[in-house]
Structures are given as C-alpha cells and as structure tokens.
There are 2 protein chains.
Amino acid sequence: METDKSLVELTADRLIKYIIDNHLEAGEQLPNEYDLTRLLNVGRSTVREAVRSLSSRNILEVHQGAGTFLAGKALGIAEDPLGFTFIQDKKKLTLDLLDIRLAIEPRMAAKASQEATAEEIAELRVLLDETEALILGGQDQRQKDIELHVKIAQISRNLVVPNLIPIIQQAISYYLDVENQALRDETLKTHRLIVDAIGNHDAVKAMDAMTLHVLYFMNILRGE
Amino acid sequence: METDKSLVELTADRLIKYIIDNHLEAGEQLPNEYDLTRLLNVGRSTVREAVRSLSSRNILEVHQGAGTFLAGKALGIAEDPLGFTFIQDKKKLTLDLLDIRLAIEPRMAAKASQEATAEEIAELRVLLDETEALILGGQDQRQKDIELHVKIAQISRNLVVPNLIPIIQQAISYYLDVENQALRDETLKTHRLIVDAIGNHDAVKAMDAMTLHVLYFMNILRGE
C-alpha cells in the first residue's frame, strides 16, 4: 500500500508540473480522465486518487458531470492552512494573529504607497467607499474589509502577503465582535487615513495609519 | 455526488470535533474503522473518504496494518499550504518571504527575550551549538536552523508564528545557496548574537540582531 501511495503522490506532482508547464489559468479545465491516464501513464484509479488529493489542497476542483478544473479562488491554498483548528484558546489566537498583522501590514502599507499606480489608488477608493457604505448601513463589512487589505498587499508587490491576509483576517473575524460600535467607528476613520496616505504616496503616514488601525483592534480585544 | 461530498466533509468535521473534545495528542491512535463508523454514524466508505481528506491536510496519518493516528508533526499543516507551487518567480518569492521574516521575526525575538525561562535559554543554546557544529563541519544545517527559529517563536508565546516559520523558511532554503561561505559565516555570528541577547533578556538587542540576520540574507540574495 505504501508503494501505491507514492505512485499517487508522484502522479499528483506530475499533474502539478503539467499545470505549470502548460500555463493553465485559475478556473481553466483539465483534460478528461481518459486523456490524463495516457498523459501521466498511470491507471484510472491512480489518476482519481491524485485528483482527489489535489482537490483537498484546493489545487483542483471536480465539478460532477462537467469535469476537472484548476481551482478558481485561492489556488493551492489549503483549508485552514496554518492549523488554527487545533489551537484551543481562540482569544489568544486572535490576539496573536493581530500581532502578526501589526508586524506585517504597516510595512506593506508603506510599500504600497510607493508602488501604487493611479488606477490602483482608484480601485482602493472604490473598496474604501464600499466598506464604508456597508458599515454606515449597519451591514456586515468583513468580506469587503478583507478585500481592501488584500488589495493593499497586492499593491505592495509582495507575492505571499495577499495569500496570507485572508487566512489571518478570516480567523480574526470569527472572534471579533463585528457589532462593536467603537470598532466600526475606528474602521471608518483609519481605513480612510490609510487609503489617503497611499493615495498621496506618503510611506510614513501609511505605515502609521495601518499601525493605528491594527493597534486599535488589539486594544478593543484586550478590553483596554 | 454533491451530497456525498458534503457528507464526507461533515464527517471530517465531526472527526475533528471528536479529536478536540477527547484531547487526543499529536501521534495518538484513533479508534479503528469499525468503531469510527458507529461513532460517526456513517458507512465505511464515508469514514475512509473523511480519513483520506484529513490525511491530505496532515491531520491524520494512516499507517498500513497499524491503524489511523493523529499526525505527529506539523499537525493540521498541509503540504505547501500557502500555494508557493504556483508562484513562478522563485527569486522574487524568496525575497518576499525574507521580507515577511524581516517584519515578524525581530518582534518575536524581542518578545522571546522577555519571556524566556532559564530552561528555554539552555535549550536555545543547545540548538545554537548543534547548528554551529553542522556549519563548521561543512554539513547541511538547514533543518537545525529552522528548529532554532521555531524555538525562538515558541518562546515568544505567539501561537501561530511557530507554524508559519517552517513553511516560510523551508521555501527560502530551496533557493538560497547553502554552500555560500559568507552566508555560513554570517549565520554563525548573528545566531550567537540573537541567542545571547535573548539569554540576557535584552529585547532591543534581540530585535536588532534578528534584523541584522535577516537583512544579511536579503542582501546576499540581492547580490549586494
């Protein structure tokens, strides 16, 4: 059985190589099962196992009746990739995640302020307005909030932080009280400070505004 | 088939709940397949699929003939969890990972210097000596190096950074030239600076030494 497992892993690796070599895009369809068996020179059950293993890593998606596709969102990012499931103290986890954001995001905001194109600043402003409208309308702004922070990370040009932020922020948002009025007020104020600083290409102000933003969350969570 | 998939996912979730509720430890054995079908009230093939899905997330390990165990190492952390496979520019990836280390690790070193017990400092010194011995003996020190940085992260008391560092450092070590003499010399010097500062509970020095350590790597990679 160990040998079988290695063949499946090997096949999965070769499937990844095929995807990369052929520059398949997120959401694109793969060859059908029969073609894959010939391409990878293994049996149907091995192909199936390999596809299943890559599905659980969010590399492939099997749509019944339609075929196998490269994952469209968060390509290659596993479910709960950092193992938060097994961290029992969720309040401490949330504070520690905010501590990571405090370390990373001010630096990314500073870099974003140096890199941002006019088009990207306009996109940021749209996300800012949409987040504000949700908050002012008393609606849940969390997904839009994550989009705003991911956009800043993308503008920083760091290839990894845009993958990391949704994982961290999603976990934080489970714990934080989204109804907290102080938190909503503060988000309105500091988001605008951050986006204005990036729009003005002011690295220090962008860094400071992001620091303020994250510290405010930490203080509220600590009950300070 | 969509319903089947949901049942498998549901079963996987209930299996995770079982593991947490029963405080199973890393490496501990789970009930056998027959007991799991009764416990989770689903059929054998569903249990098998759920176990397989949790295996690919590195939550469970199936040892043929012996049974199913909770993963012993990196519990819940899948292979390549942040999707580095699909980032094509490996040099840029490595620099961006070093940029994340530069943001996170000096802060963790500072915290570690405040939290470290006498026993933890002794453990750090052992890891330092072992890493040095490998470097001086011309052997590959990368795994030991990661252990040293993970230990510092653990001492910082942050629950997430010890999970994050191996993922980042493993990816960096694929690209960095481990034979580079300047890099080996620098590692000898700055590792000792970091551990001494933590041992002296000197937060600023620990932070500065870690900053120096990571910046040195970045400069070498940039060819500066």
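Just so it is clear, the structure is predicted and the values come from calculations on it, not from any experiment. Numbered from 1 within each chain, the chains take letters A, B, ... in sequence-line order. Note that these values count all heavy atoms, side chains included, but never hydrogens, waters or copies made by symmetry.
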Members of residues 14-31 of chain A whose heavy atoms come closer than 4.5 Å to chain B: A:I16, A:I19, A:I20
Chain B-proximal positions within residues 88-95 of chain A [heavy-atom distance under 4.5 Å]: A:Q88, A:D89, A:K92, A:L93
Can you confirm whether [X] sits close enough to [Y] that some side-chain heavy atom of one is under 4.5 Å from a side-chain heavy atom of the other?
{"X": "B:I104", "Y": "A:R107", "value": "no"}
{"X": "B:L159", "Y": "A:F84", "value": "no"}
{"X": "A:L164", "Y": "B:L164", "value": "yes"}
{"X": "B:E49", "Y": "A:R52", "value": "yes"}

Pairs of heavy atoms under 4.5 Å with chain A: top-ranked of [options]:
{"options": "B:K111, B:M108, B:E105", "answer": "B:K111"}
{"options": "B:P81, B:S53, B:S55", "answer": "B:P81"}
{"options": "B:G65, B:S156, B:P106, B:S56", "answer": "B:S56"}
{"options": "B:I100, B:I87, B:D99", "answer": "B:D99"}

Qualifying salt bridge (Lys or Arg N to Asp or Glu O under 4.0 Å) pairs, either residue in residues 196-218 of chain B, two or more places apart: B:R125-B:D196
Residue pairs, two or more places apart or on separate chains, that pass salt bridge (Lys or Arg N to Asp or Glu O under 4.0 Å) and touch residues 151-160 of chain A: A:E115-A:R157, A:E120-A:R157, A:E123-A:K151
Separation between OG1 of A:T85 and CD1 of B:I59, rounded to the nearest 0.5 Å: 5.5 Å
Among A:D80, A:L102, A:N158, A:I77, residue most engaged with chain B (heavy-atom pairs, under 4.5 Å): A:N158
Winner by heavy-atom pair count (cut-off under 4.5 Å) against chain B, out of A:N163, A:N58, A:L82: A:L82
Side chain / backbone / both / neither for A:I168 at chain B, heavy atoms under 4.5 Å: neither
